[in-house]
Amino acid sequence: MRSEERARRFAMFKNNLSWERHHQLLDPTAVHVVTQFSDLTPAEFRRTYLGLRGQRQAFSSSSHEAPILPTNDLPENFDWRDHGAVTEVKNQGSCGSCWSFSTAGALEGANFLATDKLVSLSEQQLVDCDHEV
């Protein structure tokens with residue numbers, strides 16, 4: 001890595017640490033730590049790790065409609081992690097298969113509700129079966 005790039009990354013790292021300290025003060029219950037993303041700009045992170053890399057799919061308006069469910073008597077707070085229904089955080093990297101992580105997470109949660117057993121599923125196996133990519 002060139003010295004200019006190293007200096008730019010270190011400056012971004014310090015900027016991100018400052019941002020994390022500020023947000024920690026705003027919400028003391030949040031946990032902010034140094035990760036492999038700590039030297040990226042927000043734009044670099046978005047471009048590399050979020051979304052479908054500019055691809056847009058058209059969905060009919062009815063394809064994402066859900067029935068309105070009653071909301072009376074809901075608890076003020078509810079966290080599935082407190083009930084053992086969520087696996088550890090997984091790093092999807094920049095493989096472009098974010099769909100497999102959300103799919104596996106949904107199946108892990110549904111399986112937990114059905115069996116009371118938390119099983120971590122393989123996103124890679126889903127990707128291997130996808131012949132459209």
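Note that this is a predicted model, so its numbers are computed, not measured.
- No more than 12 heavy atoms of other residues, nucleotides or ligands lie within 6.0 Å of CG in Asp73, so this atom counts as exposed by the packing criterion.
- Of the listed residues (Asn111, Leu126, Leu107), just one forms a side-chain contact (heavy atoms from CB on, under 4.5 Å) with Leu121, and that residue is Leu107.
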Residue pair His23, Asp27: steps toward the side chain to side chain contact (heavy atoms under 4.5 Å, CB included) verdict: CA-CA 6 Å; His23 281 269; Asp27 181 1; over 6 Å; no
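- A distance-only check finds a donor-acceptor pair linking the side chain of Gln24 to the backbone of Ala30 [under 3.5 Å].
- Glu123 approaches Ala104 most closely through the heavy-atom pair OE2-CB, 3.5 Å.
- Nearest approach of Asp39 to Met12, heavy atoms of both residues: O-CG, 3.4 Å.
- Of the possible donor and acceptor atoms, none in the side chain of Ser97 sits under 3.5 Å from a partner among the backbone N and O of Ser100.
- In terms of hydrophobic clustering, with Ile, Leu, Val, Met, Phe, Trp and Tyr side chains grouped at heavy-atom distances under 4.5 Å, Trp80 and Val119 are assigned to different clusters.
- Applying the 6.0 Å contact sphere to CG of Leu69 captures more than 12 heavy atoms from other residues, nucleotides or ligands.
- Leu26 has its side chain within reach of His22: a pair of non-hydrogen atoms, C-beta onward, lies under 4.5 Å apart.
- Contact detail for Lys90 and Phe101: the closest heavy-atom pair is CB-CE2, 3.9 Å.
- Gln125 CD: 12 or fewer foreign heavy atoms inside a 6.0 Å radius.
- Residues forming a side chain to side chain contact (heavy atoms under 4.5 Å, CB included) with Phe45 (at least two apart in sequence, or on another chain): Phe37, Leu40, Tyr49, Leu50.
- Looking only at atom types and distance, the side chain of Asp128 has a donor-acceptor partner in the side chain of Gln124 under 3.5 Å away.
- The nearest pair of heavy atoms linking Asp79 to His83 is O-CD2, 3.2 Å.
- Other residues, nucleotides and ligands place no more than 12 heavy atoms under 6.0 Å from the CD atom of Glu76.
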Which is it for Leu17 and Lys14 under the side chain to side chain contact (heavy atoms under 4.5 Å, CB included) test, yes or no, and what are the steps along the way? CA-CA 5 Å; Leu17 283 182; Lys14 291 190 296 187; 5.6 Å; no
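- Salt bridge Glu5/Arg9: present, at least one basic N to carboxylate O contact under 4.0 Å.
- Of all non-hydrogen atoms in Ala85 and Phe112, the two that sit nearest each other are CB-CD2, 3.2 Å.
- A pairwise comparison of heavy atoms in Leu74 and Thr71 identifies CG-O, 3.3 Å as the closest pair.
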